[in-house]
Amino acid sequence: MKKVLVLVESKGTELKRSSYEAITAAHSLGVPVVGVALGSGNGVATAGEYGLTECVVAEHALLNGYSSQAAAKAIVQIAQSEGTDVVVIAANSTGKELAPRVAVLLNAGLLADSVAITNNGGTIHATRPVFAGKARQTVKAATENVVVTLRPNVFTPKKAESQATVAVRTQNVTLDDTDRKVVVKEIIRNEGKLDVLEADIIVSGGRGLKGPENFHLVEALASKLGAAVGASRAVVDAGWRPHNEQVGQTGKTVSPSLYVACGISGAVQHLAGMSSSKVIVAINKDKDAPIFKVADYGIIGDVFDVLPKLTTKVGEITGKN
Amino acid sequence: MNILVCISQVPDTTTKISVAPDGKSMDATGVKFILNPYDEFAIEEGLRLREKHTGTVTALTVGGDNAKEILRTALAMGADKAVIIKDAAKADSFTIAKSIADYASSINPDIILLGRQSIDHDSFQMASTLGGLLSIPSISVVSKLEITGTVVSAERDVEGGKEVLEASLPIVISAQKGLNDPRYPKLPDIMKAKQKPIEEITPAAITARVDVVAMDIPATARANKVVGDTDADIAEFVRLLHEEAKVF
């Protein structure tokens, strides 16, 4: 292993949290790290706090507006000019589309959706959950080049002891119209609602809420915690809540700092979507519910009694509405 | 429209997973296998595209003889043709993608449909790897698809919302829940599907790019501190979350 290229994505004047996570993971490999940003260097300077010292901004008119084909080709050109043999990308919705194309172009093995990476005598070993998180595999690439994607929210961004100054250089890349066959026409935001994929705390409700009219109990606790509202498959299928809130195998896979499951029994399909959360809390009146087996903290009780009391107590501490 | 639907056979979600003696793979003894749930949306979308645009739906899987079962399901749902690429002994996602790409090159599909992820290895890489190998566009996690002439319009789920995208055929599309409601095959069609031929293909030798070093069952190291529902319990619970777990 010679050198790592890490993709950084801007979000306003900063980088996405997943980019700081990727920088931290890349540094843990103990070889030089260089960043790559696509189209604009917005927010790159903030990566100095996490120890990034070098970043290349790939420039081309076709990089404005995301296209996985153009983006993959740009990353590969930077990897080649920088002499890196490892590319680290966050496994968010962009990265999941992008990384396989980078791997194809570099003839590289892809270690996808990793939750831990180590440098094992010059070879990257990546740990990844398989079979809905019921097992985990340690994998390594059999190729010279390696592409690694990291499950968001699993790696904790680590600040450097002293803030580095990021040396940013721009480099033109070669692309043509055939590299941009997919064009983003519009982005529809879920206005006014925090998305479960972006939230640090999630409060989810299940069938124990008995009906859509009772979800205000979940929403009230969520707002005291500054959390996103999630839902189990049962309540989404029943039409109580929108599909974009569904956590689980046919919904979204999340790893928040705190996951609160209210009235959710914890079917394996649900656990598949949230079992890598840092702290799991369960509230359920059935003491034998499988959710308690994966919970750090739990309350055996009826959500209708417990949630209002819990919401008041939590509100006294957070002071949020 | 020439439609290729790639499907995979996976262990039933509720199956208990244990590690095989090699320490690297799943012990398949007694495991019930099913059609990957997301692939049902891919098959259904293929059938709907054929109903709208006419054409042929080919269902394809990579696997051993027992994987023919899911091809029979696809045929019963209405696929015109079924093809199995006989699995090489040591397959990774790349060798599977490459053998599918080689087959696709031989039939030149207008659209390749597949599930957004297979629920065994969950690596979300097949659509983009196929797109990369075939040098055609791909869109993943699609919850709405409209094709007019050769213009493809799709919606895909992203953090905090949806992206509306435009592209052109040929294309690879991976299906998200919500794309459609898959039909249930009817009994006479299930019976007829049993008699239909399944084409068998032996893939070229392809070298795997990822090796499994080890597989294990993670121990749950969760604290399991469970309390009751009295006011004192709830106060203690909030204290634990705030002071011990420090989560808010």
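So that the names make sense, note that chain A is the first sequence line, chain B the second, and so on, each numbered from 1. All heavy atoms count here, side chains included; hydrogens, waters and symmetry mates do not.
Both the backbone and the side chain of B/H121 come within contact range of chain A, each with at least one heavy atom under 4.5 Å from a heavy atom of that chain. Residue B/K24 touches chain A through its backbone alone, counting heavy-atom pairs closer than 4.5 Å. For B/S135, the part lying under 4.5 angstrom from a heavy atom of chain A is the backbone only. For B/V158, the parts sitting under 4.5 Å from any heavy atom of chain A are the backbone and the side chain alike. Residue contact with chain B, scored on non-hydrogen atoms closer than 4.5 Å, involves the backbone and the side chain of A/A141 alike. B/L241 touches chain A through its side chain: at least one heavy atom from C-beta onward sits under 4.5 Å away, while N, CA, C and O do not. For B/P218, the parts sitting under 4.5 Å from any heavy atom of chain A are the backbone and the side chain alike. For B/S168, the part lying under 4.5 angstrom from a heavy atom of chain A is the backbone only.
Both tests pass for A/K96 against the ring of B/F124: distance under 6.0 Å to the centre and angle within 45° of the axis.
For B/R156 and A/E97, the salt-bridge test passes: some basic side-chain N is under 4.0 Å from an acidic carboxylate O. Taking the charged nitrogens against the carboxylate oxygens, B/K177 and A/D237 do have a contact shorter than 4.0 Å, which makes a salt bridge. In summary, A/D296 and B/R222 engage in a salt bridge, as defined by a charged side-chain N under 4.0 Å from a carboxylate O.
Checking side-chain atoms of B/N224 against main-chain N and O of A/A295 turns up a donor-acceptor pair under 3.5 Å. Using a distance-only test at 3.5 Å, with no hydrogens or angles considered, a donor-acceptor pair links the side chain of B/E159 to the main chain of A/S93. Remark: side-chain polar atoms of A/K134 are paired, donor with acceptor, to backbone N or O of B/T13 under 3.5 angstrom.
Interface summary for chain B: among A/G301, A/A199, A/G109, the most heavy-atom pairs under 4.5 angstrom belong to A/G109. Looking only at heavy-atom pairs under 4.5 Å with chain B, the residue among A/I283, A/T253, A/V281 that has the most is A/V281. By number of non-hydrogen pairs under 4.5 angstrom with chain B, the leading residue of A/K193, A/E316, A/K252, A/K293 is A/K293. Top candidate by heavy-atom pairs under 4.5 Å with chain B, chosen from A/T138, A/D195, A/V139, is A/T138. The candidate with the highest count of non-hydrogen atom pairs below 4.5 Å against chain B, out of A/I280, A/N244, A/L111, A/D113, is A/I280. Among the candidates A/V306, A/I299, A/T143, A/T94, the residue making the largest number of heavy-atom pairs closer than 4.5 Å to chain B is A/I299.
Taking 4.5 Å as the limit, every side-chain heavy atom of B/R239 sits out of range of all side-chain heavy atoms of A/K313. Within the 4.5 Å cutoff, side-chain heavy atoms of B/V238 are placed close to those of A/L310. Between A/L110 and B/R209, the closest side-chain pair of non-hydrogen atoms is not below 4.5 Å.
Using cut-offs of 30° and 60° on the angle between ring planes, the pair A/Y297 and B/F237 is perpendicular.
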Show your reasoning for whether side-chain contact (heavy atoms from CB on, under 4.5 Å) applies to A/I300 and B/V227.
CA-CA 6 Å; A/I300 298 168; B/V227 299; over 6 Å; no
Full working for side-chain contact (heavy atoms from CB on, under 4.5 Å) between A/K185 and B/L165:
CA-CA 5 Å; A/K185 301 298 260 190; B/L165 303 135; over 6 Å; no
So B/K162 and A/I187, side-chain contact (heavy atoms from CB on, under 4.5 Å) or not? Walk me through it.
CA-CA 6 Å; B/K162 279 179 190 293; A/I187 294 173; over 6 Å; no
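Side chains of B/S138 and A/R101: a donor on one and an acceptor on the other come within 3.5 Å.
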